[in-house]
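By convention in this document, chain letters (A, B, ...) are assigned in the order of the sequence lines, proteins followed by strands, and residues within each chain are numbered from 1. The structure presented is a predicted model; accordingly, all values stated were derived computationally and were not measured.
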Amino acid sequence: MGETADMSVRVRFSPAPTGSLHVGSARTALFNFLFARHHGGTFVLRIEDTDRARSKDEWVVGIQDTLRWLGLDWDEGPVLQSDRFAEYLAAAADLLERGLAYECFCTPEEIKERNDAAMADGRSPGYDGRCRDLGDEERAAFAAEGRSRSLRFRTPDEGTSRFVDEIRGEVTVEWASVHDFVILRADDSPIFFLANAVDDIAMGITHVIRGEDLLDSTHRVLALREALGGGSQQSFAHLPLILGTDRAKLSKRHGAVALEEFRDAGYLPEAVCNYLALLGWSPDDGREVMALDEVVEAFTIAGVTHAAAAFDHAKLDWMNGEWIRRLTLDELAARARPLAEVRFGDRLDEDLFLAGLRIGQERAVTIGALLDQMDFLFVPDDEFEIGAESWEVLAATDRVDVVLGAVEEHVAGIEWDGAPVDLRDLLKAGEFKPRKVMPAIYAAIEGRHAGLPVFDAIALLGREKTLVRLRAARARLAK
RNA sequence: GCCCCCAUCGUCCAGUGGCCCAGGACGCCGCCCUUUCAAGGCGGUAACGGGGAUUCGAAUUCCCCUGGGGGCACCA
């Protein structure tokens, strides 16, 4: 709304390449993208692969593919932190030299032991500061013992840390409750906090938009940032987390959570972005179905919700149907073709494919489900089968053999011109109630009792194939 | 255990002291349309967690409780 473009805005999406893109991460990427585009700023992609053991090249590639699929293009990067270890090492050395960080000789096992003891005692876990004030001789002694050494950042002992979150307002915490934390591992690889602070300064990141799970760590990053001379003019916005409908952490138990799964199931990126944008944000005018550029236009970070939101697959399904219906047939075909090729291979027939999409579009939820309904068009006669549940429906239909026989006779007897085969008069003549007998006809011809409009289906399938299937169903019935 | 964040229909949002006995969307239920299932149309169900306080007046402000989520790693 007439807001001036702020070219100085620089945001980054910085995933760890330890797995596929999760809906939570995708939402973070989306909101960074929206903020950058709304302000005419720069969107940077940074790969946080400082944990070499868990990071994988395939995910570095996969995450980029998925972001592109979503339509979230970035302006700079990807910057790999694994290429910048020298910078982090230098920053760590500088902090050590200035006494802002110290060498810690405690092993992970020892720390865990002490934490467990503290917990058992009813005290809080967290680094106890054992190596905080070691003398030179003590350090030398530990080193002589061959002990490994990490680097810890020294946090203030007293006072209050505060920062203003763009979404939540002022957030405060007592420094006394923030323990000293590791910034460099024993093997000299940097920990996320260090790399994060160094890079945000180096890359001139002005706004940090990330998940609420990182809210508490902001105080630490800010302290590091200040110690590194980065100044404090960086603003933070923490997005509410995405949960399952049962308010528990979103997991596979709740259905698909990886964006690749949505893509492969035939969800449209427009629908996914649209749904995700509405999870924690909404435009002033209450619009729901919105294209990405419309969301960009209306987006404001202050309008983001404070409370965690549940991911509702049912609403995404509805949204996806809305977007499928907005596509032209050509567009739908272009989106569906890759999935259809995987599914049908050589059997895929372009004309039947387009015809199937045309009659299925208005009822589709996902492209995958639509393709399921089109399966009967491409399956060879000797592989055609009626689903178990659909067969039960067929077999339980009153006077089913009579209906199927009538349909068979009709199809065999009409003049064939390739037009949809209207069975309404036939049903009326036999005093069959459509709602009662149609499912059986669908099952016999399409293999499922609910599918694409069968009048069109018969025309697409052709007379012979239709007759073969009707006879097969009747024969099986006679057994 | 300690710390932080949050709290409106089942779910996602609107609501920033009176326009709210709370509005929209998804879901669900019913009706219509209809070649199945859908889609579409119409209608319906359903919420301000509890208690104090401030105020002429609170969903909206403050406090407490309760509840939910997150954090307390040589993960990010």
Side-chain angles (χ1 to χ4, degrees), chain A residues 14-18 48-51 53-55 104 106-108 111-112 115 118-127 148-152 165 168 171-174 176-179 181-187 189 191-193 195-196 210-219 238 240-241 243 245 247-249 275 278-289 305-319 321 325 360-365 373 393 420-424 427 434-443 446 448-457:
Chain A
S14 42
T18 54
E48 307 219 323
D49 56 349
T50 52
D51 183 344
R54 297 200 306 153
S55 299
C104 175
C106 300
T107 64
I111 290 172
K112 182 170 188 313
N115 275 340
M119 294 266 255
D121 254 27
R123 288 177 290 120
S124 296
Y127 188 64
S148 64
R149 172 241 75 193
S150 63
L151 228 56
R152 268 179 202 280
D165 186 277
R168 292 151 212 284
V171 179
T172 64
V173 70
E174 294 307 312
S177 69
V178 183
H179 305 103
F181 56 96
V182 172
I183 54 176
L184 208 61
R185 296 185 182 87
D187 66 0
S189 64
I191 287 293
F192 142 82
F193 297 111
N196 208 272
R210 30 142 57 164
E212 195 192 339
D213 53 333
L214 294 170
L215 187 65
D216 289 307
S217 74
T218 304
H219 300 93
H238 290 90
L241 262 23
L243 310 174
T245 315
R247 304 254 110 208
K249 187 176 179 204
Y275 177 70
L278 259 31
L279 218 46
W281 176 85
S282 65
D284 293 336
D285 55 18
R287 274 175 297 165
E288 298 231 2
V289 181
T305 300
H306 297 187
F311 189 91
D312 185 1
H313 286 266
K315 186 152 185 176
L316 205 214
D317 283 350
W318 165 77
M319 183 75 82
R325 253 148 250 131
Q361 181 175 22
E362 70 173 295
R363 76 199 62 244
V365 173
Q373 292 192 319
V393 170
V421 179
D422 195 328
L423 301 174
R424 281 175 295 188
L427 295 180
R435 298 178 66 93
K436 293 284 187 192
V437 303
M438 286 306 292
I441 298 173
Y442 274 79
E446 302 188 26
R448 47 178 65 221
H449 60 286
L452 299 181
V454 79
F455 297 177
D456 297 272

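Among the atoms of the strands shown, base atoms are found under 4.0 Å from some heavy atom of A:Ala450. Contact annotation for A:Ala186: base contact, defined as any heavy-atom pair under 4.0 Å involving a base atom. Residue A:His179 is in sugar-phosphate contact alone, with no base atom involved, counting any heavy-atom pair closer than 4.0 Å across all strands shown. Base contact: A:Glu362 has a heavy atom under 4.0 Å from a base atom. Residue A:Ser217 is out of contact with every strand shown, counting any heavy-atom pair closer than 4.0 Å. Within the 4.0 angstrom heavy-atom criterion, base atoms lie near A:Asp456. Using a 4.0 Å heavy-atom criterion, one finds that A:Leu214 contacts the bases of the nucleic acid, with or without backbone contacts as well. Across all strands shown, A:Pro439 has heavy atoms under 4.0 Å from sugar-phosphate atoms exclusively, and none from any base. Within 4.0 Å of A:Cys104, counting heavy atoms only, lies no atom of the nucleic acid at all. Heavy atoms of A:Gly286 sit nowhere under 4.0 angstrom from any nucleic acid atom.
No side-chain heavy atom of A:Pro439 sits under 4.5 Å from any side-chain heavy atom of A:Arg448. Using a 4.5 Å heavy-atom threshold, the side chains of A:Leu423 and A:Phe455 count as touching. Looking at A:Ile191 and A:Leu151, their side chains never come closer than 4.5 Å, going by heavy atoms from C-beta outward. Counting heavy atoms from C-beta on, the side chains of A:Trp318 and A:Val289 come closer than 4.5 Å. Looking at A:Leu427 and A:Val437, their side chains come closer than 4.5 Å, going by heavy atoms from C-beta outward. The shortest distance between side-chain heavy atoms of A:His219 and A:Thr172 does not fall below 4.5 Å. Taking the side chain as every heavy atom from C-beta outward, A:Ile111 and A:Asn115 approach each other to under 4.5 Å.
Spacing between atom CZ of A:Arg287 and atom C1' of B:G24 amounts to 14 Å, rounded to whole angstrom units. Atom CD1 in A:Ile183 sits roughly 16 Å away from atom P in B:A73 (whole-Å rounding). Between A:Asp213 atom CG and B:C75 atom P the separation is 17 Å, expressed in whole Å. B:C2 atom C1' lies 12 Å from atom CG of A:Asn115, rounded to whole Å. Summarising the geometry, the separation between CG on A:Leu241 and C1' on B:A76 is reported as 14 Å, rounded to the nearest angstrom. Whole-Å rounding puts the A:Arg54 CZ to B:A76 P distance at 7 Å. Atom pair A:His238:NE2 and B:G71:P shows a separation of 12 Å (rounding to whole Å applied). Note: NZ (A:Lys436) to P (B:C37) measures 11 Å, nearest angstrom.
Across the strands present, B:U35 finds no partner; the criterion is a Watson-Crick or G-U wobble pair with both atom distances under 3.5 angstrom. For B:A25, the paired nucleotide is B:U11, the pair qualifying as Watson-Crick or G-U wobble because both relevant distances are below 3.5 Å. Pair assignment for B:G1: B:C72, on the basis of Watson-Crick or G-U wobble contacts that are both within less than 3.5 Å. Across all strands shown, B:G67 pairs with B:C6; the Watson-Crick or G-U wobble distances both stay below 3.5 Å. Checking B:C56 for Watson-Crick or G-U wobble geometry (two distances, each under 3.5 Å) identifies B:G18 as its partner. Taking a pair to require two hydrogen-bonding distances under 3.5 Å in either a Watson-Crick or a G-U wobble arrangement, B:C42 pairs with B:G30. Base pairing of B:A47: no nucleotide in any strand meets the Watson-Crick or G-U wobble criterion (both distances under 3.5 Å).
Straight-line distance between the C1' atoms of B:C3 and B:C20: roughly 38 Å, to the nearest whole Å. Here, B:A58 and B:G52 have their C1' atoms 14 Å apart, quoted to the whole Å. Using atom P as the reference point in both B:G10 and B:U55, the two lie 34 Å apart (nearest Å). Annotation: B:G41 and B:C33 have their C1' atoms spaced 8 Å apart (nearest Å). Using atom C1' as the reference point in both B:G51 and B:A7, the two lie 16 Å apart (nearest Å). Remark: the separation of the P atoms in B:A53 and B:A46 is 31 Å, to the nearest Å. For B:U61 and B:U16, the P atoms lie 11 Å apart once the distance is rounded to whole Å. Comparing the C1' positions of B:A22 and B:C63 gives a spacing of 25 Å, expressed to the nearest Å.
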The test is side chain to side chain contact (heavy atoms under 4.5 Å, CB included); show your working for A:Glu212 and A:Arg168 and say whether it passes. CA-CA 10 Å; A:Glu212 195 192 339; A:Arg168 292 151 212 284; 3.6 Å; yes
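A salt bridge does not link A:Arg185 to A:Asp187: none of the charged side-chain nitrogens sits closer than 4.0 Å to a carboxylate oxygen.
Contact annotation: A:Arg152 reaches the phosphate of B:C74 (side-chain N/O to OP1 or OP2, under 4.0 Å). For A:Arg424, a side-chain nitrogen or oxygen approaches OP1 or OP2 of B:U35 to under 4.0 Å. Proximity of A:Arg185 to the phosphate of B:A76: a side-chain N or O atom is located under 4.0 Å from OP1 or OP2.
A donor-acceptor contact under 3.5 Å is formed by the side chain of A:Arg363 with the base of B:A38.
Stacking annotation: A:Phe192 is not stacked on the base of B:C75 (requires ring centroids less than 5.5 angstrom apart and an interplanar angle below 30 degrees). In this structure, A:Tyr442 forms an aromatic stack with the base of B:U36, since both conditions hold: centre separation below 5.5 Å and plane angle below 30°.
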Which parts of nucleotides 3-16 of chain B does protein reach within less than 4.0 Å, heavy atoms only, written one letter per nucleotide 5' to 3' as B for base, S for sugar-phosphate only and - for none? SSBSS---SBSS--
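Put simply, the side chain of A:Tyr275 never gets that close to the backbone of A:Met319: no donor and acceptor are under 3.5 Å apart.
Position along RNA chain B of the nearest nucleotide to A:Leu427 versus A:Met119 favours A:Met119 as the more 5'-ward residue. Positionally, the nearest nucleotide of RNA chain B for A:Ser124 lies more toward the 5' end than for the other of A:Ser124 and A:Asp187.
Aromatic ring centres of A:Tyr127 and A:Phe181 lie farther apart than the 6.0 Å criterion allows.
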